[in-house]
Novice: 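Encoded as structure tokens, here's the structure I'll be asking about.
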Amino acid sequence: MKRNTFLRTTLAAAAAFAFGVAPHAGAQTILKFSHTDQPGGARNAAALLFAKAVEQYTQGRYKVQVYPAAQIANDPKAVEQLQLGGIDFTVTSTGTYATHLPTLNLTMLPYLVENFEQGWKLYDSSKWLQAQFAKAPEKGFRFLATWEAGFRDMTTKEPLASPADAKGKKLRTFPNEMMRWTLESMGFNVQIMPLPEVYLAIQQGTVQGQENPIDTIFANKFYEVAPNVTLTRHVYSPIPLTISEKTWQKLSPADREGITKAAQETAVWIRKEIKSGQERQIAEMQSRGAKIASPNLAPFRASVQPAYVKAKEKYGADVDAILADADAVRKATK
């Protein structure tokens with residue numbers, strides 16, 4: 001090796017160590033992370049934090065490229081791309097994964113938990129839920145950590161004081177069997193469409209509203225076209241982060257450990273971010289003209305009982321299992 005070449009290489013390596021970046025022998029591998037949140041949303045912020053941590057914990061061997069706002073695919077298609085190896089990571093509602101693991105539909109049962117702490121405990125400790133997650137590698141993806149989105153609420157053009165106001169109204173949701181049963185039990189006519197199309201659909205009158213967690217409502221500005229924000233909190237809806245099983249099998253044990261660590265550390269951050277940010281987001285939406293309503297939830301709880309009946313008819317003992325875990329969590333965590 002010529003002296004100048006050797007000197008440049010040595011100085012580059014020294015600089016890398018000085019700035020805390022370990023040099024790596026081969027070319028850096030790019031991993032694709034697709035999600036549907038807007039660039040200003042908490043989900044995207046978490047994805048960027050995760051990307052930074054992955055690069056750090058793999059000593060620069062891997063770099064995560066984040067594609068927000070459904071640039072690559074909507075939520076259902078992103079899971080399909082995971083299975084094919086077209087993308088490496090996605091983060092979406094547990095109910096989206098239920099297309100491939102049908103028992104996960106039961107995570108969308110209405111009013112399972114009452115607050116964030118109960119939701120975290122359920123997802124972290126439920127033996128039934130962990131057993132469902134363990135089936136995912138056979139389907140082509142793997143759960144790394146449970147990130148947060150929050151409880152799902154309604155935004156509608158007209159006020160929604162009770163289920164009586166839902167009768168005959170077209171409401172957008174994502175493709176999930178349990179969610180459809182719940183919303184139909186309330187009285188809505190359910191419309192399925194990709195998230196990026198929802199704002200225009202409400203604006204044009206194709207649907208009268210939609211349901212999503214507050215952070216998603218805020219980031220997508222749905223309150224601008226459906227100004228009645230009703231805090232129904234009908235479903236607790238975290239967003240597990242998953243990796244393509246094809247990608248996972250290519251990783252060394254050390255890189256698997258590093259990526260899992262990055263996923264779990266980011267989960268801690270986004271849980272705190274979503275919980276602490278809700279009051280601020282609600283206040284800001286209100287300052288921009290949204291009408292915030294906290295209705296009596298008893299009529300909503302009563303209206304969704306037919307959804308439980310349908311779930312029991314189809315899933316049998318699995319319903320009993322998740323309800324037992326949720327009941328234990330509610331009793332132990334106030």
Side-chain angles (χ1 to χ4, degrees), residues 29-37 43-44 46-48 50-51 53-54 58 61-108 123 126 128-149 173-180 192-197 216 237-253 255-264 266-267 270 314-315 318 322:
T29 300
I30 303 298
L31 301 176
K32 295 181 179 179
F33 187 152
S34 172
H35 68 81
T36 57
D37 193 21
R43 189 179 318 188
N44 190 59
L48 295 174
F50 170 72
V54 166
T58 63
R61 289 183 291 275
Y62 290 93
K63 180 179 178 65
V64 176
Q65 182 66 51
V66 179
Y67 296 87
Q71 290 178 31
I72 293 179
N74 62 30
D75 287 321
K77 292 296 183 182
V79 178
E80 291 177 8
Q81 284 295 309
L82 276 188
Q83 295 173 306
L84 296 171
I87 63 172
D88 304 288
F89 302 101
T90 196
V91 61
T92 182
S93 165
T94 315
T96 304
Y97 299 109
T99 299
H100 310 282
L101 290 167
T103 49
L104 287 180
N105 276 306
L106 299 180
T107 63
M108 309 302 290
Y123 269 75
S126 166
W128 178 86
L129 190 50
Q130 296 309 313
Q132 311 316 304
F133 286 163
K135 301 173 185 177
E138 298 175 1
K139 302 297 183 179
F141 53 92
R142 180 178 293 258
F143 289 89
L144 293 177
T146 301
W147 288 9
E148 188 59 272
T173 190
F174 69 105
N176 175 264
E177 176 182 65
M178 194 70 241
M179 183 60 71
R180 177 170 57 81
I192 306 298
M193 67 179 63
L195 188 68
E197 299 177 12
T216 304
S237 187
I239 46 173
L241 172 69
T242 49
I243 184 173
S244 168
E245 186 64 15
K246 290 185 176 181
T247 304
W248 181 262
Q249 293 302 328
K250 296 175 184 177
L251 298 173
S252 69
D255 289 334
R256 289 178 180 180
E257 182 179 351
I259 288 173
T260 302
K261 181 181 179 181
Q264 293 175 348
T266 307
I270 194 171
K314 182 167 183 177
Y315 295 102
D318 282 307
I322 190 172

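Both backbone and side-chain heavy atoms feed into the values below; hydrogens, waters and symmetry mates do not.
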Novice: Rounded to the nearest 0.5 Å, how far apart are CD of Gln132 and OG1 of Thr94?
Specialist: 11.5 Å
Novice: Can you tell me how far apart CD1 (Ile72) and CD (Gln81) are? Round to the nearest 0.5 Å.
Specialist: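 CD of Gln81 is found 8.0 Å from CD1 of Ile72.
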Novice: Side chains of Trp128 and Thr103: does their closest heavy-atom pair fall under 4.5 Å?
Specialist: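 Yes. Closest side-chain heavy atoms under 4.5 Å.
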Novice: Would you give the length of the straight line joining atom CG of Leu251 to atom CD1 of Ile243, rounded to the nearest 0.5 angstrom?
Specialist: 5.0 Å
Novice: Are any of the side-chain heavy atoms of Lys261 and Arg256 separated by less than 4.5 Å?
Specialist: no
Novice: Between Asn44, Ile87, Val64, which is the residue that forms a side chain to side chain contact (heavy atoms under 4.5 Å, CB included) with Phe33?
Specialist: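 Checked Asn44, Ile87, Val64 against Phe33; only one passes side chain to side chain contact (heavy atoms under 4.5 Å, CB included): Val64.
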Novice: Apply side chain to side chain contact (heavy atoms under 4.5 Å, CB included) to residues Val79 and Thr99 and explain how you reach the verdict.
Specialist: CA-CA 9 Å; Val79 178; Thr99 299; over 6 Å; no
Novice: Please name all residues satisfying ring pair (Phe, Tyr, Trp, His ring centres under 6.0 Å) with Phe133, sequence neighbours left out, ordered by chain then number.
Specialist: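 Listed in chain order: Phe143.
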Novice: Thr242 vs Tyr97, test: side chain to side chain donor-acceptor pair (under 3.5 Å). Steps then yes/no.
Specialist: CA-CA 10 Å; Thr242 49; Tyr97 299 109; 2.9 Å; yes
Novice: Which residue is it: Thr36, Thr96, Thr90? I am looking for the one with a side chain to side chain donor-acceptor pair (under 3.5 Å) to Asp75.
Specialist: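 Filter result, single survivor: Thr36.
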Novice: Kindly compute the distance separating CG (Leu129) from CG (Leu104), expressed to the nearest 0.5 Å.
Specialist: 7.0 Å
Novice: Hey, does Pro68 have a side-chain heavy atom less than 4.5 Å from the side chain of Asp37?
Specialist: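 Side chain of Asp37 against side chain of Pro68, heavy atoms only: no contact under 4.5 Å found.
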Novice: What is the distance from atom CG of Asp255 to atom CZ of Arg61, rounded to the nearest 0.5 Å?
Specialist: 4.0 Å
Novice: Between Phe50 and Val66, is there a side-chain heavy-atom distance shorter than 4.5 Å?
Specialist: no
Novice: As an exercise, state the distance from CD of Gln65 to CD1 of Ile30, rounded to the nearest 0.5 Å.
Specialist: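 Interatomic distance, Gln65 CD to Ile30 CD1, rounded to 0.5 Å: 7.0 Å.
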Novice: Mind checking whether Asn74 and Leu195 have side chains closer than 4.5 Å, heavy atoms only?
Specialist: no
Novice: Do Arg43 and Val91 have side-chain heavy atoms sitting under 4.5 Å apart?
Specialist: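 Touching, per the 4.5 Å side-chain cut-off.
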Novice: Do the side chains of Pro102 and Lys314 get nearer than 4.5 Å, heavy atoms only?
Specialist: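 No, too far: nothing below the 4.5 Å cut-off.
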Novice: Taking His100 as the fixed residue, which of Gln83, Lys139, Lys135 is the one that meets the side chain to side chain donor-acceptor pair (under 3.5 Å) rule?
Specialist: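 Filter result, single survivor: Gln83.
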Novice: Within the side chain of Ser244, is there an N or O that forms a donor-acceptor pair under 3.5 Å with the backbone of Asp88?
Specialist: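 Checked: no pair found.
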Novice: Judged by atom type as modelled, is there a donor-acceptor pair below 3.5 Å linking the side chain of Thr260 to the main-chain atoms of Glu257?
Specialist: no
Novice: Check for a donor-acceptor pair, side chain of Trp147 on one end and backbone N or O of Ala263 on the other, with a separation under 3.5 Å.
Specialist: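 Such a contact is found between Trp147 side chain and Ala263 backbone.
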Novice: Contact between Met108 and Ser237 at the side-chain level, heavy atoms closer than 4.5 Å - yes or no?
Specialist: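 Yes, at least one pair of side-chain atoms sits under 4.5 Å.
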Novice: Please assess Tyr123 against Glu148 for the test side chain to side chain contact (heavy atoms under 4.5 Å, CB included), listing each intermediate value before the final yes or no.
Specialist: CA-CA 11 Å; Tyr123 269 75; Glu148 188 59 272; over 6 Å; no
Novice: Answer yes when Lys77 and Glu80 have at least one side-chain N-carboxylate O distance shorter than 4.0 Å, and no when they do not.
Specialist: yes
